[in-house]
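Working notes for the structure below.
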Amino acid sequence: MHVMSLRACRRILLITWTLLDAMFAHGQRTQPLIRFDSTSKVFRIDGGDVSYIFGINDLNGLQPIYWGSRLGGNDSFPQAHTNKGVAAFDLPTSTTPQEYAGWGAGLFVEPALKITYPDGNRDFVLHYLSHQIDGDTLTVRLKDIEREVFVDLHYEMDPATGILGRSATIENRTNAPLVIEQAAAATWTLPHGTDYTLDYLTGRWGGEDQLQQEKIIPGARILESRRGSTGQQNNPWFAVERAHTSDQEAGDVWFGALAWSGSWRITVEQDQMQQIRITGGYNTFDFGYKLNSGESLATPVFYGGYSGSGIGGASRLLHRFEIASILPERPNPRPRPVIYNSWEATGFNVDEPGQITLAEKAASIGVERFVMDDGWFGQRKNDFAGLGDWYVNSQKFPNGLKPLIDRVHALGMDFGLWVEPEMVNPDSDLYRKHPDWVLNFTGRPRTEGRNQLVLNLARPDVRAYVYGFLDKLLTENQIAFLKWDYNRNWSEPGWPAVAPDEQKQVYVRYVDNLYGILRELRAKHPGVEIESCSGGGGRVDLGILRLTDEVWPSDNTDPFDRLTIQDGFSYAYTPGVMMAWVTDSPNFMNRRITSVEYRFLSSMQGSLGVGANLNHWEDSDFADAKRLISEYKQIRETVQHGSLYRLISPRNGSEASVTESVSLDRNQAAVFAFLHSSQFRHPYPRIYLRGLDPKSDYRLHWISAKPSGSLPETASGEYWMNAGVDLELEGDFQAAAFRLDRVMVRVETK
């Protein structure tokens, strides 16, 4: 007879915990509920742990009511009412929060929509007209109080995370064209108050994703890009913390991200009534979209979410949403392969023998994807010529790409290729044939950046050319991956081929055509994966991530600098799309010298790649790399798709940095710790883990052993989270890593 032992009981409990963990992580909870109370005229949208509520007020306008922690199912709200004005200077139009405000009727806060009619009228006031509920989506139709201009507000709630996607479609049913001067996707409204902190990301080339935190004060903070693309100066993400503390796992946080890869703008304002509004959409600078009669303009989607578990909880919600609802392989994207890229080894000097030599060395350490970078096409010997001429250089590859690709496949790797489809060198056959294809103003100088100009992708002929050569390249070669680069921002954004009053449509149509090309390529070549690169992290946003599998956060591959860049990146984007390369030492950026181990551990916190010149490596370097790549593959799923905890931040001059990634089923945790430099024999900070199952046992495995004193081989989740881990890190630029694996108890029979 079989007797259930205590260990068997523990195993049953463990399986139950695992299933519950997985169900919660994958959002198998109450489905989103969209309701409209016809008596109070209130809309309620629920998802995850979030409720979003707005209503039709006494003046027939849409008014936000509540956004935050999920309310009880029977909780209700009375009809929304406009606020009183403040003397004659601040009318109810400005003091009453509006769900989507047109500029008119004395509005002095940031409008969502501003229009000019042909007769010079610029007053625009929106009232509720109708609505439609369709499953997880809600569409509310608004109309100007006098003219036939309609705005559809779209709401789509994610049931697992409570992240709400909002956008607008503006339709002109008048008999004449109008000009849209400002078009936001949405305005988010927070409870009035003064104890708010704004988090946002700034940067530049080589120094992207620097987290900024500042108290919100009366006035407006503008986050934007005027560059024609997402840009490195700001990223279209924000978070607002109430009663900010140093504990990343506590407190109310509202956050959002704009899914747009062109010029964008987010305005965070606190008005004179201490109300907080966040409005985001197309950048208003140089914007003027002519909308003819019968035409419509759809805005990007502005996603917003709420967490009651601090900025750490907000990041994990956003990561989960990106993995399950944004990425091309949603809801279960494959882990990113370990890649090798040839750029830092060979620059433009690529040829068949040299690339094969690198491929053979890359395969020997466990690389899974070999990527040949710039220099393989046209007359491309440097960055002065060749862009736009996308044929294989016959001097470098006399038999085409096939012999190299075949050798890469024989080595057990797939093959990837660098392209920069949106650019052209003036010294190219393409430019000599089509000088009118670039962004330009007639008669004005054409400003070059990196010796290149920007093709006007808004033009149908340019769109057709770019799609055509990429389709041909992928059809004729077994290419599994494109590294899609974009190495400058716009200048002279003219479009002389269309009427002057339509030229500013370039800001929208360029990006729409970029998305269209990517979408069509993926449909015709479903096995091809794509990376978004823009001189580093110049095009990272939820719009491009719908159509690309990974992004390049920065050209700065210095492993110490990368700790801060990767830390900032993780507030807005999942580590699963964050490519991180191991390159040479001294690093070109700072001439800093670091060990192979330090460089690998820094990069293993994201999607691992190698970009070093393998021709210069010693045998010991190959041995270390092979071992660490093997270790990475054991934790890859956890790092790329797990729950991230930033235990110690590298920001603000911190000597230490620690991250922990926990698998969704809580069966594994991976911990990475870094020391800049030790002083006065101070010990390294004790590491207290998070996110483990407190009642389960976990076995310790050192990836890079730096223990201080004696640690148990196996201990409970409670132990690792409360007793903590001490590491013996001392000196300069030291690192350590370990993983914990949940112990699965076997059933005993008697």
Side-chain angles (χ1 to χ4, degrees), residues 323 327-330 332-343 345-346 350 352 354-377 390-392 396-397 399-421 466-486 517-533 544-552 576-581 606-611 614 629 632-633 636-637 640-641:
I323 291 168
L327 294 179
E329 293 185 355
R330 54 190 179 270
N332 298 303
R334 288 171 290 179
R336 299 286 80 221
V338 178
I339 70 107
Y340 179 80
N341 183 284
S342 68
W343 173 249
T346 56
V350 298
E352 183 181 312
Q355 295 296 294
I356 287 176
T357 297
L358 287 171
E360 291 170 345
K361 293 178 179 180
S364 73
I365 58 175
V367 166
E368 297 159 318
R369 170 172 290 164
F370 181 85
V371 182
M372 180 167 62
D373 211 278
D374 200 350
W376 59 270
F377 57 91
W390 296 102
Y391 59 87
V392 178
K396 299 179 179 183
F397 298 92
N399 299 304
L401 297 179
K402 189 176 187 303
L404 171 60
I405 295 174
D406 288 346
R407 181 58 181 149
V408 168
H409 289 165
L411 291 166
M413 301 180 291
D414 65 28
F415 180 78
L417 197 63
W418 179 95
V419 292
E420 192 172 5
V466 170
Y467 174 80
F469 83 71
L470 288 169
D471 176 48
K472 183 174 185 291
L473 185 66
L474 295 174
T475 299
E476 295 178 351
N477 299 278
Q478 289 184 282
I479 296 171
F481 171 80
L482 291 177
K483 182 178 176 67
W484 186 306
D485 214 338
Y486 179 91
I517 291 169
L518 288 166
R519 194 175 295 112
E520 291 174 29
L521 284 174
R522 297 195 73 102
K524 187 171 181 182
H525 306 278
V528 175
E529 297 179 337
I530 302 173
E531 175 184 294
S532 173
C533 175
I544 203 70
L545 278 173
R546 274 201 173 275
L547 297 160
T548 59
D549 304 271
E550 63 190 47
V551 295
W552 181 235
V577 302
M578 181 181 73
M579 295 306 298
W581 293 359
S607 294
L608 178 63
V610 179
L614 301 182
I629 288 174
Y632 177 75
K633 291 175 182 178
R636 170 166 45 189
E637 177 65 29
Q640 294 186 13
H641 298 150

Between the side chains of R336 and E529, is the shortest nitrogen-to-carboxylate-oxygen separation below 4.0 Å, so that they form an ion pair? yes
Could you pull out the closest heavy-atom pair between S607 and G576, with the gap in Å? OG-O, 2.9 Å
Shortest non-hydrogen contact between I339 and V367, atoms and distance: C-CG1, 3.8 Å
Closest heavy-atom contact between L417 and V371? N-CG1, 4.0 Å
Just by modelled atom types, is the R334 backbone N or O under 3.5 Å from a matching donor or acceptor in the E329 side chain? yes
If you look at every heavy atom in W376 and W418, which pair is closest and at what distance? NE1-O, 2.9 Å
Apply side-chain contact (heavy atoms from CB on, under 4.5 Å) to Y632 and V338, showing your working. CA-CA 9 Å; Y632 177 75; V338 178; 4.0 Å; yes
Could you tell me whether D374 and K483 have a side-chain N and a carboxylate O separated by less than 4.0 Å? no
Between A580 and W552 the two heavy atoms that sit nearest each other are N-CZ3, 4.4 Å
Atom CD of E520 with >12 non-hydrogen neighbours under 6.0 angstrom: yes
Sequence neighbours left out, what passes ring pair (Phe, Tyr, Trp, His ring centres under 6.0 Å) with W484? Give chain and number order. none
Could you tell me if the side chain of I323 sits less than 4.5 Å from the side chain of R330, heavy atoms only? no
Would you please name every residue forming a side chain to side chain donor-acceptor pair (under 3.5 Å) with D471, sequence neighbours left out? T475, K524, H525
OH on Y340 to CD1 on I629, rounded to 0.5 Å: 11.5 Å
Does any part of the side chain of P421, heavy atoms only, come nearer than 4.5 Å to the side chain of L470, both counted from C-beta? yes
Looking at R636 and E368, is any side-chain nitrogen of the basic one under 4.0 Å from a carboxylate oxygen of the acidic one? yes
Are side-chain heavy atoms of Q355 and L358 found at a separation under 4.5 Å? yes
State, with a plain yes or no, whether a side-chain heavy atom of I356 is found less than 4.5 Å away from one of L404. yes
Determine whether a donor-acceptor pair (N or O, by modelled atom type, separation under 3.5 Å) exists between the side chain of R522 and the backbone of L547. yes
So, R407 and E352, do they make that salt bridge, N to O below 4.0 Å? no
Provide the closest heavy-atom pair for E637 versus P335 in the form atom of the first, atom of the second, distance. OE1-CG, 3.4 Å
To the nearest 0.5 Å, how far apart are OG in S364 and CG in L614? 7.5 Å
Quick one: pull up CZ in F481 and CZ in F415 and give me the separation to the nearest 0.5 Å. 11.5 Å
I want to check something: taking the side chain as every heavy atom from C-beta on, are V408 and D414 in contact at a cut-off of under 4.5 Å? no
Can you tell which of I405, T346, I479, V350 makes a side chain to side chain contact (heavy atoms under 4.5 Å, CB included) with M372? V350
Ignoring hydrogens and geometry, is there a side-chain-to-backbone donor-acceptor pair from K396 to G375 under 3.5 Å? yes
What I'd like to find out is whether the side chain of V419 reaches to under 4.5 Å of the side chain of D485, using heavy atoms alone. no
Spacing of E550 atom CD and C533 atom SG [to the nearest 0.5 Å]: 10.0 Å
N/O donor-acceptor pair under 3.5 Å between K633 side chain and G366 backbone: yes
Is the shortest side-chain heavy-atom distance between I544 and L518 below 4.5 Å? yes
Between the side chains of N341 and W581, is a donor N or O closer than 3.5 angstrom to an acceptor N or O? no
Is there a side-chain contact between K361 and T357, using heavy atoms and a 4.5 Å cut-off? yes
